[in-house]
Amino acid sequence: GRILDAGRLLARAAALSSPGPLQLEAAIQAAHAQRAFTGVTPWAEIEQLYDVPPSRVHVVYNGVDLARFRPPGAGERAAARAEAGVSADAVALLFVGSGFERKGLATAIDALARLPGEARLLVIGKGDVSAYRARAERLGVGERVAWLGTRPDVERWYGAADVVVLPTIYEPFGNVH
């Protein structure tokens with residue numbers, strides 16, 4: 001398989017004034033219309049790696065608390081963005097995860113460097129950010145990254161974001177949707 005060029009993809013998404021899910025999907029398809037992507041489902045990988053017959057593998061999908069993870073109410077989006085120093089007209093990219101290397105934070109920072117100056121990256125998660133701060137500074141985007149640390153209110157930040165980025169190297173059963 002081929003790894004998506006996250007910078008090009010995010011640049012297309014950022015170019016949309018108020019991208020909705022269908023607009024983002026169309027941008028992705030347009031950016032990669034000449035390519036075919038296939039993926040191995042996590043359960044197929046388990047079947048292959050451990051020689052387990054498909055009839056013995058049962059998938060339990062992650063549940064989503066719809067009362068907690070809902071569109072933001074009046075003022076909630078603006079308040080969260082203001083707290084992170086993100087203007088109302090900026091494109092806010094959200095990265096959520098711990099284990100920054102495996103989750104692909106370096107790729108998210110590299111992509112941010114390829115986006116217009118109004119784009120911002122919000123980083124939520126646990127771990128040593130020093131190497132990633134240095135990378136952002138070296139690429140000239142240090143002021144465009146908000147390091148929010150570990151948060152008990154992650155749903156608030158989903159509501160503040162325009163795009164969720166998940167450039168993970170390996171994520172068999174992810175919780176970020």
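The shown structure was predicted, so the numbers you read here are calculated from the model rather than taken from an experiment.
Counting only residues at least two apart or on different chains, the ring-ring contact (aromatic ring centres under 6.0 Å, His included) pairs with a member in residues 117-137 are F100-Y132.
For the pair R144 (side chain) and A119 (backbone), a donor-acceptor distance under 3.5 Å is present. Side-chain atoms of T168 come within 3.5 Å of backbone N or O of R102 as a donor-acceptor pair.
Counting non-hydrogen atoms of other residues, nucleotides and ligands closer than 6.0 Å to CD of E101 gives a total of 12 or fewer.
Rounded to the nearest 0.5 Å, atoms CH2 (W147) and CG (L121) are 7.0 Å apart. Rounding to the nearest 0.5 angstrom, the gap separating the CD1 atom in I109 from the CG atom in L93 is 11.5 Å. Between atom OG of residue S98 and atom NZ of residue K103 there is a gap of 7.5 Å, rounded to the nearest 0.5 Å.
The residues E155 and R77 are annotated as not salt-bridged, no charged nitrogen and carboxylate oxygen being separated by less than 4.0 angstrom. At a threshold of 4.0 Å, the pair E76-R81 does not count as salt-bridged, since none of the basic side-chain nitrogens sits closer than that to a carboxylate oxygen.
For the pair R156 and R68, the minimum side-chain heavy-atom distance is 4.5 Å or more. Between V165 and L94, every side-chain heavy-atom pair lies at or beyond the 4.5 Å cut-off. At least one side-chain heavy atom of L105 sits under 4.5 Å from a side-chain heavy atom of V123. For the pair W157/V96, no side-chain contact is recorded, criterion being any heavy-atom separation below 4.5 Å from C-beta on.
Follow the hydrophobic side-chain contacts under 4.5 Å out from I169 and you never reach V164; the two are in separate clusters.
Only one option out of T150, V154, D153 pairs with I124 in a side chain to side chain contact (heavy atoms under 4.5 Å, CB included); it is V154. Checking T107, V141, V91 one by one against L112, the side chain to side chain contact (heavy atoms under 4.5 Å, CB included) holds for a single residue, V141.
The heavy-atom pair separating E137 from E143 by the smallest distance is OE2-N, 4.4 Å. A pairwise comparison of heavy atoms in P167 and G104 identifies CG-O, 3.1 Å as the closest pair. Across P72 and G159, no two heavy atoms sit closer than the pair CG-O, 3.5 Å. In this structure, A90 and D162 approach most closely via the heavy-atom pair O-OD2, 3.3 Å. When every heavy atom of A80 is checked against every heavy atom of A160, the shortest pair comes out as CB-CB, 3.7 Å.
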